[in-house]
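A quick write-up on the structure given underneath.
No hydrogens, no waters, no symmetry mates; every other heavy atom, side chains included, goes into these values. Just so you know, residue 1 is the first one in the sequence shown, and it goes up from there.
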Amino acid sequence: MSLLGPVEVRVLAEKLNLRPTKKLGQNFVIDGGTVRRIVRVAEVTPQDVAIEIGPGLGSLTLALLPEVAEVVAVEIDPVLAGQLPLTVEQRAPEVAGRLTVVHADALKVGPDDLPAEPTVLVANLPYNVSVPVVLHLLRVLPSLRRGLVMVQAEVADRLAAAPGSRVYGVPSVKAAWYADVRRAGPVGRNVFWPAPNVDSGLVSLVRREPPSTTATREEVFAAIDAAFAQRRKTLRAALASWAGTPAAAEEALVGAGVDPSARGEQLRIEDFARIAEQRPARIPRPATTP
């Protein structure tokens, strides 16, 4: 197996006349030790079908292929999508047959776009879309049982934050609907080309069942969005528009067993599920006699 180092990455970029863009969040890994570490921490098995988002020039792809049954690489850049199979064929011909490249936007990809059902997500995610991509894939790919993603350190903190934390917010709560999420280690800036202005971090996700609730995911997420839209306010005030009036918000909160003077960052996903069940529009009204 011949991984990509700084020289190989720059040679490939020059060959493709590639100028990494902030718009696509392109920062390519140039350190073999980092991609080996990601694969090791992801705990992939020979039975796994891995989905990789934004494979870029193939640094992580090359490390993944020998360890799994298949890699489905989703790449939005047509030039990179076309080059990746050639790179793998040249540097790792013995496992090239395990790779499928899907030229698509990861925010729009669904099960019907993929050749197999992925079991694990392993990716160096573009910074600008990392949270939406994680939430989208967990929603549309129920076959995903776990994941390990590299994201901006600040995003890693938010995804893995616990209730009461200063950075606990919408990404934290929504990710908890799908999975147990934790930080899995830091990543420095010098392993990328070009080097970003921020540090990165690894985030581990292990799928779990969502909270037991009569509310739909959409209804629970609407309550979360409303609570954090005005996070400095009490839930009674923050959920006033969501419920119709402050009094209706208080009634819903009390019905859910939540203190109306609490704030969103104090609540777990299970609390938001109970609140969503109590939204006035969901509560059946008694029929009136004509």
Side-chain angles (χ1 to χ4, degrees), residues 1-5 27-75 80-81 84-85 87-89 91-102 104 106 109-111 113-126 130-131 133-151 155-156 159-160 175 178-187 191-192 200-209:
M1 173 57 60
S2 179
L3 299 178
L4 298 177
N27 296 93
F28 303 117
V29 181
I30 57 174
D31 178 61
T34 297
V35 293
R36 290 190 188 95
R37 174 188 170 202
I38 291 171
V39 173
R40 183 177 68 254
V41 175
E43 297 182 342
V44 296
T45 73
Q47 290 73 45
D48 275 317
V49 175
I51 182 169
E52 183 186 2
I53 304 302
L57 293 170
S59 299
L60 179 56
T61 314
L62 287 165
L64 262 177
L65 281 167
E67 309 299 330
V68 297
E70 185 174 352
V71 173
V72 179
V74 180
E75 176 58 62
L80 293 175
L84 184 57
T87 300
V88 170
E89 183 62 44
R91 307 189 75 85
E94 67 280 7
V95 292
R98 301 181 188 180
L99 173 68
T100 301
V101 179
V102 177
V109 76
D113 303 309
L114 308 178
E117 292 187 341
T119 59
V120 60
L121 166 65
V122 186
N124 167 30
L125 291 177
S130 53
V131 170
V133 164
V134 167
L135 295 178
H136 171 72
L137 294 177
L138 288 171
R139 177 175 64 85
V140 303
L141 299 177
S143 61
L144 279 179
R145 306 316 304 167
R146 64 195 187 284
L148 187 80
V149 294
M150 183 159 57
V151 296
V155 173
L159 280 169
Y178 301 104
D180 290 317
V181 186
R182 64 175 178 83
R183 284 290 302 262
V187 179
V191 304
F192 296 98
S200 299
L202 300 178
V203 176
S204 168
L205 307 109
V206 178
R207 174 83 73 172
R208 67 171 188 176
E209 291 300 314

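- Residues meeting the salt bridge (charged side-chain N to carboxylate O under 4.0 Å, His left out) test with D31, sequence neighbours left out: none.
- Residue R139 holds its CZ atom at 9.5 Å from CG of L141, rounded to the nearest 0.5 Å.
- The heavy-atom pair separating A106 from H136 by the smallest distance is O-CD2, 3.1 Å.
- Under the side chain to side chain contact (heavy atoms under 4.5 Å, CB included) criterion, A184 pairs with V41, L148, R182, L202, S204, not counting sequence neighbours.
- Here the shortest heavy-atom pairing between L3 and R91 reads O-NH2, 3.4 Å.
- In this structure, the side chain of N124 does not engage the main chain of V35 through any donor-acceptor pair within 3.5 Å.
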What do the steps show when you test L137 against V109 for side chain to side chain contact (heavy atoms under 4.5 Å, CB included), and what is the final call? CA-CA 8 Å; L137 294 177; V109 76; 3.9 Å; yes
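- Side-chain contact between L144 and Y178: absent, with no pair of heavy atoms (C-beta onward) separated by less than 4.5 Å.
- Summarising the geometry of L4 relative to L57, their closest heavy-atom pair is CD1-O, 3.4 Å, with the distance given to 0.1 Å.
- Here the CG-CG distance, from L121 to D48, works out to 11.5 Å after rounding to the nearest 0.5 Å.
- Counting heavy atoms from C-beta on, the side chains of L138 and V134 come closer than 4.5 Å.
- Every residue two or more places apart in sequence or in another chain was checked for a salt bridge (charged side-chain N to carboxylate O under 4.0 Å, His left out) with R37, and none qualifies.
- A distance of 5.5 Å separates OG1 of T119 from CZ of R146, quoted to the nearest 0.5 Å.
- Take R183 and apply the side-chain hydrogen bond (donor to acceptor under 3.5 Å, both in side chains) test, not counting sequence neighbours, and it matches D157.
- The side chain to side chain contact (heavy atoms under 4.5 Å, CB included) test applied to E89 returns P93, A96, not counting sequence neighbours.
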Could you list the donor-acceptor pairs under 3.5 angstrom formed by side chains in residues 59-73, with sequence neighbours left out?
from	atom 1	to	atom 2	distance (Å)
S59	OG	V29	O	2.6
T61	OG1	E52	OE1	2.6
T61	OG1	E52	OE2	3.4

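- Between atom OG of residue S200 and atom CG of residue L125 there is a gap of 10.5 Å, rounded to the nearest 0.5 Å.
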